[in-house]
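Chain naming here is simple, since letters A, B, ... match the order of the sequence lines and numbering starts at 1 in each. Because the structure is a prediction, the values reported are computed rather than measured.
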Number of protein chains: 2
Amino acid sequence: MSISEIAKHLKVSKSTVSLVINGKAEQGRISKASAKRILDYIDEIGYKPNALAKSLATGKSRTIGLIVENIGDSFFGPIALYIEEYLRKYEYQVLYSSTLGKNDIASEVVQTMMDKHVDGIILAPTDKQEFDVQRIIKQNIPLVVFDRKIPEIDTNYVGTDNYQASRNAVEYLIDQGYKHIGLITIPSGQPQMLDRFQGYSDAIEQKKLKPYVLRTSFIEKDDRPAVVIGKWLQDNPQVDALYFSTNYVCVAGLKAIKNLKNKRSVGIMAFDDHEIFELVEPQVSCVRQPLEKIAEQVVGMLVRQLKDKGAPLEEKIIPAELIVRKNQK
Amino acid sequence: MSISEIAKHLKVSKSTVSLVINGKAEQGRISKASAKRILDYIDEIGYKPNALAKSLATGKSRTIGLIVENIGDSFFGPIALYIEEYLRKYEYQVLYSSTLGKNDIASEVVQTMMDKHVDGIILAPTDKQEFDVQRIIKQNIPLVVFDRKIPEIDTNYVGTDNYQASRNAVEYLIDQGYKHIGLITIPSGQPQMLDRFQGYSDAIEQKKLKPYVLRTSFIEKDDRPAVVIGKWLQDNPQVDALYFSTNYVCVAGLKAIKNLKNKRSVGIMAFDDHEIFELVEPQVSCVRQPLEKIAEQVVGMLVRQLKDKGAPLEEKIIPAELIVRKNQK
DNA sequence: TTGAAAGCGCTAACAC
DNA sequence: GTGTTAGCGCTTTCAA
């Protein structure tokens with residue numbers, strides 16, 4: 001059932017119906033009588049406008065593209081939930097995609113979203129997404145980048161101060177008396193990972209400690225990282241504390257520790273929290289990024305851009321908390 | 001840049017351009033020469049068709065609506081990821097929504113998706129979504145329901161045999177010698193929860209054991225369930241094993257056990273797996289639903305309906321595995 | 001081998 | 001107060 005059929009049935013014009021439907025009866029100076037007839041009829045037949053046609057006509061789709069690395073993980077999943085909730089308040093829906101860190105998927109996804117004319121894009125970019133971002137910007141589509149900043153390109157951005165949070169975390173371990181603190185991370189050029197690494201390095205260096213670093217590539221659903229970490233731990237028996245650059249690496253690390261032949265006690269700290277961390281023994285301290293607050297800022301920023309495409313770019317660094325749990329010396 | 005502008009520029013008609021773009025040059029009997037000119041020009045200016053306009057014209061949006069309870073949780077998050085991956089193979093994108101179990105949100109979401117003319121819907125329904133489902137069916141939109149079946153309505157369905165899996169799990173505990181097995185669950189009328197409950201009851205009854213049941217409502221980000229469970233455990237000191245009707249309730253239970261003043265050893269079993277379960281002490285055994293397989297079946301079923309709307313309804317019950325971990329007697 | 005034209009369902013400027 | 005009309009960008013039938 002379409003607007004023309006309604007018009008025909010009621011013997012009025014399409015525009016009259018359209019105005020009434022969109023609550024513009026007043027300003028379109030439609031008589032109360034007509035308005036009521038139309039509303040009643042709409043109600044009776046349960047008419048719902050075709051959002052596609054509306055979007056085509058108005059150029060607005062009330063859909064936001066959300067692109068993350070992995071919607072199934074414990075960082076992006078909850079973030080996605082919060083983002084959706086905040087966007088719902090503004091009557092936007094979410095078209096989502098997980099890139100799994102792959103650039104080809106990421107590019108394709110950005111393109112498809114642009115083809116579908118999303119009104120805005122929220123992006124946690126992969127390593128090399130400069131080109132896609134340029135395209136989004138060129139099309140003048142409101143964009144908010146979060147979690148990872150894109151070097152060399154100015155965009156709206158919401159993130160954490162990875163360097164400082166990381167440095168604080170490591171300094172905390174040092175203050176607790178740990179002398180041989182290992183960093184376990186992934187081989188990634190992502191800026192936030194580099195910052196976390198740098199925070200570790202600087203903290204260690206300043207106290208004239210020796211750095212111990214393991215980089216192990218991480219493929220989901222694979223036990224290899226745990227094995228690699230286990231071996232590395234055996235090879236480095238002096239290491240007395242571990243700092244993991246992200247939570248899922250830490251989970252692998254916990255498995256490794258659990259399977260260790262020669263049990264030993266190490267301090268553990270991770271970047272990003274995880275449900276698990278307060279339930280394992282020893283508990284895991286961590287740097288926690290406030291997920292809901294991140295989502296709130298992201299949506300707020302996007303909505304501002306949506307309202308006014310000329311709005312100045314914003315950047316919001318949200319402080320991370322150090323969550324100390326009782327696994328320390 | 002639109003198809004008409006291209007046509008004008010190349011002095012051909014819109015239809016010629018359209019045919020070429022859609023790879024129908026052959027069947028539209030466009031000369032190789034024209035086809036090449038068009039393709040070259042398209043390439044040169046980087047033309048991308050407006051998917052919205054295309055959808056309006058064809059009635060297909062290449063978008064699937066995915067409606068779950070909570071995309072941030074450890075069941076639906078990974079499922080969503082897999083569903084997206086499988087759908088990508090068929091060039092569908094995903095419009096998602098979390099209902100948080102609320103019927104009003106769920107209904108609204110279904111409506112919005114229908115307004116946007118999604119080509120199909122994948123739904124993990126809330127308690128009372130009969131009406132929405134009727135609407136979807138009436139519109140003849142391909143639908144696959146998963147995780148929870150809707151009583152009284154025939155639909156495509158993918159799920160687990162909750163009753164049998166649950167019964168097996170409890171019988172396993174009994175075989176291990178546990179005599180006082182408590183069920184901790186949520187007060188929910190969802191069919192899958194009722195089935196799990198029934199599986200427990202029947203197993204217990206058949207062995208003439210005494211049932212111990214705690215129902216505690218579960219609101220995310222709230223420690224109350226853990227407190228309630230803790231208290232219940234103290235009040236029921238004879239309970240020597242616990243069966244949790246779902247994984248997040250079990251996580252709350254683990255917290256409760258951890259905080260117990262009088263430490264005691266209980267066997268633990270949960271419905272649904274969780275990363276955490278092999279890392280805590282004692283480890284948690286569980287009934288595991290194979291997430292990837294579920295996603296695969298869901299998408300397969302949907303694609304079949306998409307291809308042929310007259311295809312007969314299907315129902316696929318995927319067996320769950322009993323994962324035994326070393327926490328048992 | 002190609003073009004013209006109608007149509008998908010809606011909006012919005014303008015005319016009456 | 002209300003209707004006409006011209007789009008939005010694409011597909012598809014039919015005629016040439």
Side-chain angles (χ1 to χ4, degrees), chain A residues 1-39 41-42 45-63 111-112 114-119 139-140, chain B residues 1-39 41-42 45-63 111-112 114-119 139-140:
Chain A
M1 181 60 71
S2 79
I3 222 174
S4 334
E5 298 179 72
I6 296 177
K8 197 177 298 171
H9 180 95
L10 296 178
K11 302 208 196 327
V12 295
S13 82
K14 286 182 356 176
S15 43
T16 307
V17 178
S18 174
L19 286 170
V20 170
I21 286 173
N22 291 293
K24 295 183 187 160
E26 293 280 289
Q27 88 185 65
R29 282 171 299 198
I30 308 299
S31 66
K32 298 251 186 234
S34 313
K36 181 161 185 341
R37 273 179 66 221
I38 293 172
L39 288 174
Y41 185 60
I42 280 175
I45 63 173
Y47 164 82
K48 295 288 170 191
N50 179 329
L52 242 34
K54 185 165 181 161
S55 296
L56 183 59
T58 58
K60 316 235 155 290
S61 62
R62 300 221 74 86
T63 305
Q111 185 58 55
T112 317
M114 292 187 6
D115 296 347
K116 289 192 175 170
H117 288 232
V118 295
D119 291 341
Q139 297 273 353
N140 202 20
Chain B
M1 182 61 70
S2 79
I3 222 173
S4 336
E5 297 179 72
I6 296 176
K8 196 178 297 170
H9 180 95
L10 296 177
K11 304 206 193 331
V12 295
S13 81
K14 287 186 346 179
S15 40
T16 307
V17 177
S18 174
L19 287 170
V20 171
I21 286 174
N22 291 293
K24 294 183 186 160
E26 293 280 290
Q27 91 185 62
R29 281 170 299 199
I30 308 298
S31 67
K32 298 253 186 233
S34 314
K36 181 158 184 346
R37 272 180 67 221
I38 294 172
L39 289 174
Y41 185 60
I42 280 174
I45 63 173
Y47 164 81
K48 295 289 170 189
N50 179 329
L52 242 34
K54 185 165 183 160
S55 297
L56 182 59
T58 58
K60 316 235 156 293
S61 62
R62 300 222 74 86
T63 305
Q111 186 58 57
T112 317
M114 290 184 12
D115 295 347
K116 290 193 176 171
H117 287 232
V118 294
D119 292 340
Q139 296 274 352
N140 202 22

Please confirm whether the backbone N or O of A:Lys14 pairs with a side-chain atom of A:Ser18, one donor and one acceptor, at under 3.5 Å? no

Starting from [atom2] on [N], measure out to [atom1] on [X] and report it in whole angstrom.
X       : N      : atom1 : atom2 : answer
B:Ile3  : C:dA5  : CD1   : P     : 17 Å
B:Lys8  : C:dT2  : NZ    : P     : 20 Å
B:Ile30 : D:dT12 : CD1   : C1'   : 13 Å
A:Lys36 : D:dG1  : NZ    : C1'   : 19 Å
B:Met1  : D:dC10 : CE    : C1'   : 16 Å
A:Gln27 : D:dT2  : CD    : P     : 15 Å
B:Leu19 : D:dT12 : CG    : P     : 9 Å
B:Ile42 : D:dG9  : CD1   : C1'   : 14 Å

To the closest 0.5 Å, what do you measure between [atom1] ([X]) and [atom2] ([Y])?
X       : Y        : atom1 : atom2 : value
A:Ile6  : A:Lys8   : CD1   : NZ    : 12.0 Å
A:Arg62 : B:Asp115 : CZ    : CG    : 13.0 Å
A:Arg37 : A:Ile30  : CZ    : CD1   : 12.0 Å
A:Ile3  : A:Ile42  : CD1   : CD1   : 7.5 Å
B:Lys48 : B:Ile21  : NZ    : CD1   : 10.5 Å
B:Leu19 : B:Gln27  : CG    : CD    : 7.5 Å

Looking at A:Ser31, I'd like to know whether one of its side-chain N or O atoms comes within less than 4.0 Å of OP1 or OP2 on D:dT2. yes

Is B:Lys32 touching bases, backbone alone, or none of the nucleic acid, heavy atoms closer than 4.0 Å? nothing

Give one of base, sugar-phosphate or nothing for B:Ser4, where a contact means two heavy atoms less than 4.0 Å apart. nothing

Walking DNA chain D from its 5' end, the first of B:Asn22 and B:Arg29 to be reached, judged by nearest nucleotide, is B:Asn22

Strand contacts (DNA chain C) in residues 45-57 of chain B, 4.0 angstrom heavy-atom criterion: B:Leu56, B:Ala57

Contact list for DNA chain C against residues 9-18 of chain B - heavy-atom distance below 4.0 Å: B:Lys11, B:Val12, B:Ser13, B:Ser15, B:Thr16

Nearest heavy-atom neighbours spanning [X] and [Y]:
X       : Y        : answer
B:Leu56 : A:Ala53  : CD1-CB, 3.8 Å
B:Ala7  : B:Ser13  : CB-C, 3.7 Å
B:Leu52 : A:Lys116 : CD1-O, 3.6 Å
B:Ser55 : B:Ser61  : OG-CA, 3.4 Å

Using the C1' atoms of the five pairs at each end, what is the angle between the end axes of the helix from C:dT1-D:dA16 to C:dC16-D:dG1, to 10°? 50°

Check every atom of D:dT12, D:dT2, C:dA12 against the side chain of A:Ser34 and return the nucleotide holding the closest atom. D:dT2

Contact check, side chains of A:Val12 and A:Val20, non-hydrogen atoms, under 4.5 Å: no

